[in-house]
Every structure is written in structure tokens, then in C-alpha cells.
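Report on the structure given below.
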Amino acid sequence: MSEERSLNFIEEIIENDLNSGKYETLITRFPPEPNGYLHIGHAKAICLNFGLTKKYGGYTNLRFDDTNPVTEKTEYVDSQQADIKWLGFQWKNELYTSDYFDTLYDFAVTLIEKGLAYVDHGSAEEIAELKGTPTEPGKDSPYRLRSIQENLDLFSQMKNGDFEDGACILRAKIDMASVNMLMRDPIIYRIKHAEHHRTGNKWCIYPMYDFAHGQSDSIETITHSICTLEYVAHRELYDWFIEKLEIFPSKQYEFARLNLSYTVMSKRKLLQLVNEGIVSGWDDPRMPTISGLRRRGYTPESIREFCERIGIAKRENLIELSLLEFCVREHLNKTATRVMAVLDPIKLVITNYPEGKDEILIGENNPEAEDKGGTREIPFSNELWIEREDFMEEPAKKWFRLAPGATVRLKHAYIVKCEDFKKDADGQVTEIYCTYIPESKSGEDTSGINVKGTIHWVSSKHAKSAEIRTYDRLFTVESPDSEEGDFKDYINAESMNVIEKAYIEPYLVNADKDSRYQFIRKGYYCVDKDATPDHLVFNRTVSLKDAWAKSNK
RNA sequence: UGCCCGAUAGUAUAAAGGUAGUACAACGGUUUUUGGUACCGUUUGUCUAGGUUCGAAUCCUGGUCGGGCAACCA
């Protein structure tokens, strides 16, 4: 199917470059800053960069863009690597911008020697003041005319730790009147007496993004440096440094980042949700992080498929969450083992089934799998738990489930007829009484009876209990970012619902932490990391589509 | 009121001057021992005004709308 898909604009550029002989090998990179966990937006970039070299040959480097020691941590490096691998991609080289600090320093010296960089002792405020605005040109700094030798000495002193943080900076000397703010003598090195997660205290000056990224690309001979739209304006600077430094000309291309409805995607905001305890952590199943989606039960296949379907273009977009949900349902439908679980139990007694009798029924594990996924044993008895919502005292029109006098099929078991029910003082139905039809047993039905509805159940005597966590969108509005006020004003208070005690088939006591299950008629679920042998915990990944619920809205 | 990027069904994304297509969503139906799945069908679109052309979503010009650009962040 991918061979039928038309090319996106980046693929077109690459095919042209390859066909024209401009490059023999495609080299891309994925360059996260290790200051947070990766999210579904990064997955789009990962699938793009790694997918391109998978498709056209060549390779992709993983490069941690670690030029700001204050926000970066090894914890993030580790989680990011784990997430990329989990998504199914393998980088060629594991690299760090900090590996290039010596080279980058030399590049800066080269620039100074060429008269293209100078040390500025202005304060942050003074420099901002002289920078101008998008509509007004900036003014030259009083330090702009320093001699090359003076700049060389000063920069060396910066490196040696002779200055406090913020005392001065190194700037490229370009054009304070440029219409592009980034070309108005951008800062390329600043002083930060901070310990770096990899270089420790070796450095007290660190390059800025613009003076690190393009050069790192160049050092690695990245042919196509793909980034998001907010870097469009940086491209001019990117090219300028490469030109002045006379190094390998990597080229930058920009695509539109992913926005997903009912969530936020900025690392700053996600960090806030974590730090303020609004979610349980970066891997909270409601988070759009890779680790959150993984814990929620999403599969790498479904995320890759999602990234394939959303496409690559340059226009701002807001992808509907329903597409992500479609992708995971599509994959899980083919792969998940079907089991029965009753989330909101009500007792059903089969009055003509011998009390104390047990029967082992056989259920296929997955009707969608070629081999039906094998089978499992399901114990049956005269007392069952069924879903409260599957019984209606006064049935609605087109109601196919249980109601007084109605018949339904118990999945994998018998047809039963509702004869009576009992209510408590509050009018709550407490028990339902049915008779079963012995010759209607699943697979050997000779009753000739046809029923409209099939419901799931669990034998009460054999049932095990489990905690089940049901999730909903984290925000109440499609685009919390574009809403008035603080994005946290739009947190969905009902984004997580915990069912302390649901009943599950005994088969599930051995539930595999890495497997996903379909709770028949309910949704797809996986075992949460909080589960213990004594206390099973399941997360709902996504519900099944529910035409009945929809038609009754 | 400067510069840059963008604008195709509800949401995304194709169509490289020649039939506006695909997916998700929505709606209707068939099948079904999951009101699931599968399958079939329906609705909905080229921001606008000019121009070039036999012919424009596509090229040109103006406008409108959306996004970006003034961190010692990336």
C-alpha cells in the first residue's frame, strides 16, 4: 500500500537529489533535546527520518542535542532511546552534540579570525534593546568593533571561566538591519557555569542551538536535515554558518509538526502536568508521550500506521484523535485475544441449571486470526455475572439484550430466557432469573432458536477480580493551546475512572504484561505496570465502537 | 500593519495545466454467536477577486484568513 501512496514533498526532494546524483547515500538524523520524554509528535519525526532511510537506503543517526546543561538529564536520554527502539527503529550512530564541543569551539574561533564574530559585554536587556523589532532594524552593539585579537582573547577567557554567567556572550557579526531577526548578530556562545550530563564541568560556555545544529549536521554529513516549521527562519542562519565555515553543506527542510486534538504537545506543558501532579508521570496512560501510549496499550505498529496516515506537509494541522484510535483498533482487532470481563456486574441465576454443576466451555481466542488464535477453556455454572447495562426492565425499541421475557445468547454458551428479576428497596435490580435451553450449547446448537443479541458473562464461582482503569481524553476542548486562559483550565476531570472490582475470566490471572486483550463487547485492555499477582490491574486502551450507544445519544 | 510560511469535504492528505481522488469522521444498509470486525452505499471540498490559457486546485497579480519571527531555549 505504501508503494501506491503518492510522495510527500520531502520524498520528492530526496528522489530528485538521488536521481540527479547530488547524493549517493541518504543520511538523516533524529535530534531530540534530552529535556523531556518523547511524544506522539516526535513519533511523527522519528517515523519520517528513519522511514526515509529505510525506504531509500542510507542511515539515520540519533543525536542528542544537548547544548543546554540546565535542562538536560541522562534520564531523558535513556527514555528517549527506549522509546525509539520500542517504536521499532534503530539508529546507525548514537551521537551527542556535546561530542562536538571542541570542534564547535574551533569553529567559533575560526569565525572570530575571519572577523565574523565578536564578544559582547552588553547585558541581556541592552542586547535585546539593540536588537530592534520585526518591523524596526536593530542597532550595532558598541562592542561590535572590537579587534580580532581582543575577541580571541576574550573568548578564550570566557572558555577559561574568567567571567560570571551572563557577563558576556559571543555573537556572530552579520547584519543588525536584517529583516530576519535571527541574522541580527545572533548569540552563538553563552556562559553557563553548569554541570553537563556528559561533559561534566569541562565547559562553562555552551553553544546556542543555531551554532550547534547545522554544524553537527555537517560534521555527520547529514544530507537532509528535517525539522519543523518554526525553524524556517533559522535556515538562512544555518546556511550562513555552513558557508562561512566552509563545511559540508547539509540542507534543512521543514514540515508541519503534529497537533492532536484534545491534548497538548509541548514538552513544557507536559512537564507541567507531571510536576504539578495532574498526571501520575510521563508515562501516565493519558499522556500523549510514547511511554504513556505504551502503558495505555498502544502498539508500535499502530503508532507507525498513524504517522503514515497523517501525511507530511507544510500546513498547520490538528489531527483528530479518532484517527489514532482507529489505528490502534485496527491493529488490535487483528491481534488481541478475546476474553470476557464484566465491569459493572449484576447477578444472573439460571434456575434450571443444576446448582453445583460446573461445565467447561471452549472459546476461540480471536475470530480475526487465521488460526482463530487457538482456544481457551471457560468455566460455566448456574450463577453468572453479567453487565448491568445488558438488562433493561422496560426494553427500548430495537433492544436485543436481556429484558423480562427476552432471550439472548450467552457468548460461547447457551441461550437463556429471562423469567424474572429482583429489585432492592431503592428499585435497583439485584438479580436476574433465567432458564437456559440445554440444546442451544454453542457449537452444537440444535434448538433452532435464533436470538438477536449475544452478551458476555463470567461464572461467579470461578471469576477473578481485577481493577480496571478507564481513560478518556485529557482535555475537554479540541485545542487547549488555542483556548483563552491557562491550558490547565481545560483538564477533563473525568479523564480517568477506576473500577475497583470487576470480574474477569480465570484465564486472565496469567495475563501477560505485554499482551493486549479484547474484553468482548467492551474494548481493548492491557495489564498495567501497577499489577501484582494478587491485584490485577488493566488499562483500557480504547473502547470498541458502539453503534448502540451512538444511536441512543 | 515589515518579512517569511501556508490555505482542497468536519479532519487530514493526493491530483506536477486536462474526469477533484483516498483515508478517518458522520449517516444509511448487508453479514455476524462481539450492536465488534468485514463489506456496500450516501452526504460534504479547491479562501476570494481579477489575469494568462482551448482548458487553472495547479501559473501570475491583488486581497482575505491562519501560523511564525523581537529566549544568554531547542
Describe the nucleic acid contact of [X] in one word from base, sugar-phosphate, nothing, applying a heavy-atom distance below 4.0 Å.
| X | answer |
| --- | --- |
| A:Phe326 | sugar-phosphate |
| A:Arg338 | base |
| A:Ala233 | nothing |
| A:Ser123 | base |
| A:Ile310 | sugar-phosphate |
| A:Leu544 | base |
| A:Arg184 | nothing |
| A:Thr454 | sugar-phosphate |
| A:Gly443 | base |
| A:Leu318 | sugar-phosphate |
| A:Gly363 | nothing |
| A:Ile415 | nothing |
| A:Glu254 | nothing |
| A:Pro31 | nothing |

_Under 4.0 angstrom between A:Lys550 side-chain N/O and B:A26 OP1 or OP2_ = yes
*Taking only the side-chain nitrogens and oxygens of A:Arg315, find out if one of them lies under 4.0 Å from OP1 or OP2 of B:U8.*
yes
Whole-Å gap separating [atom2] ([N]) and [atom1] ([X]):
| X | N | atom1 | atom2 | value |
| --- | --- | --- | --- | --- |
| A:Leu321 | B:A23 | CG | C1' | 16 Å |
| A:Glu444 | B:U33 | CD | C1' | 14 Å |
| A:Asp165 | B:A71 | CG | P | 19 Å |
| A:Asn450 | B:U32 | CG | C1' | 12 Å |
| A:Ile127 | B:C73 | CD1 | P | 12 Å |
| A:Phe400 | B:G35 | CZ | C1' | 7 Å |
| A:His234 | B:A70 | NE2 | C1' | 12 Å |

Where the side chain of [X] is defined as all heavy atoms beyond and including C-beta, which of [options] is the nearest nucleotide?
| X | options | answer |
| --- | --- | --- |
| A:Thr67 | B:G36, B:A74, B:A15 | B:A74 |
| A:Arg521 | B:G2, B:U13, B:G35 | B:G35 |
| A:Met208 | B:G36, B:A74, B:A70 | B:A74 |
| A:Lys314 | B:A74, B:G35, B:C5 | B:C5 |
| A:Met181 | B:C69, B:U33, B:A12 | B:C69 |
| A:Glu33 | B:C73, B:G35, B:G67 | B:C73 |
| A:Thr133 | B:U34, B:U33, B:A70 | B:A70 |
| A:Glu368 | B:U37, B:U34, B:A15 | B:U37 |
| A:Glu320 | B:C3, B:U11, B:U34 | B:U11 |
| A:Asp65 | B:A74, B:G2, B:A7 | B:A74 |

Find the distance between [atom1] ([X]) and [atom2] ([Y]) and round it off to the nearest 0.5 Å.
| X | Y | atom1 | atom2 | value |
| --- | --- | --- | --- | --- |
| A:Leu237 | A:Ser178 | CG | OG | 9.0 Å |
| A:Arg304 | A:Thr299 | CZ | OG1 | 8.0 Å |
| A:Ile169 | A:Asp185 | CD1 | CG | 9.5 Å |
| A:Glu387 | A:Met340 | CD | CE | 11.5 Å |

Inter-nucleotide [atom1] distance ([N], [M]), Å rounded:
| N | M | atom1 | value |
| --- | --- | --- | --- |
| B:G21 | B:A57 | C1' | 13 Å |
| B:U8 | B:C40 | C1' | 27 Å |
| B:C73 | B:G2 | C1' | 25 Å |
| B:C47 | B:A56 | C1' | 16 Å |
| B:C72 | B:A14 | P | 36 Å |
| B:G50 | B:A71 | P | 43 Å |
| B:U11 | B:U53 | C1' | 34 Å |
| B:G66 | B:U48 | C1' | 15 Å |

*Counting only non-hydrogen atoms, which of residues 189-196 of chain A are less than 4.0 Å from RNA chain B?*
A:Arg190, A:Lys192
*Which residue lies toward the 5' end of RNA chain B, A:Phe519 or A:Glu478, if each is placed at its nearest nucleotide?*
A:Glu478
*asked:* Can you work out whether A:Ser322 or A:Ala413 has the more 5'-proximal nearest nucleotide on RNA chain B?
replied: A:Ser322
Please confirm whether [X] makes a cation-pi placement over [Y], using NZ or CZ under 6.0 Å from the six-membered ring centre and within 45° of the ring normal.
| X | Y | result |
| --- | --- | --- |
| A:Lys417 | A:Tyr436 | no |
| A:Arg376 | A:Tyr507 | yes |
| A:Lys267 | A:Tyr37 | no |

Under 3.5 Å, side chain of [X] to main-chain N/O of [Y], donor-acceptor pair present?
| X | Y | answer |
| --- | --- | --- |
| A:Arg409 | A:Val451 | no |
| A:Lys192 | A:Cys204 | no |
| A:Asn365 | A:Gly373 | yes |

*Which of these, A:Gln252, A:Arg63, A:Lys251, sits in a side chain to side chain donor-acceptor pair (under 3.5 Å) with A:Asp217?*
A:Arg63
_In this structure, which stretches of RNA chain B are paired as stems of three or more consecutive Watson-Crick or G-U pairs, both distances less than 3.5 Å?_
B:2-7 with B:64-69, B:10-13 with B:21-24, B:26-30 with B:38-42, B:47-51 with B:59-63
*Would you tell me whether A:Tyr100 and A:Glu220 have side-chain atoms, one donor and one acceptor, within less than 3.5 Å of each other?*
yes
*Does a side chain donor of either A:Glu72 or A:Asn35 reach within less than 3.5 Å of an acceptor in the other side chain?*
no
_Member of A:Tyr524, A:Phe538, A:Tyr503 meeting the ring pair (Phe, Tyr, Trp, His ring centres under 6.0 Å) criterion with A:Phe519_ = A:Phe538
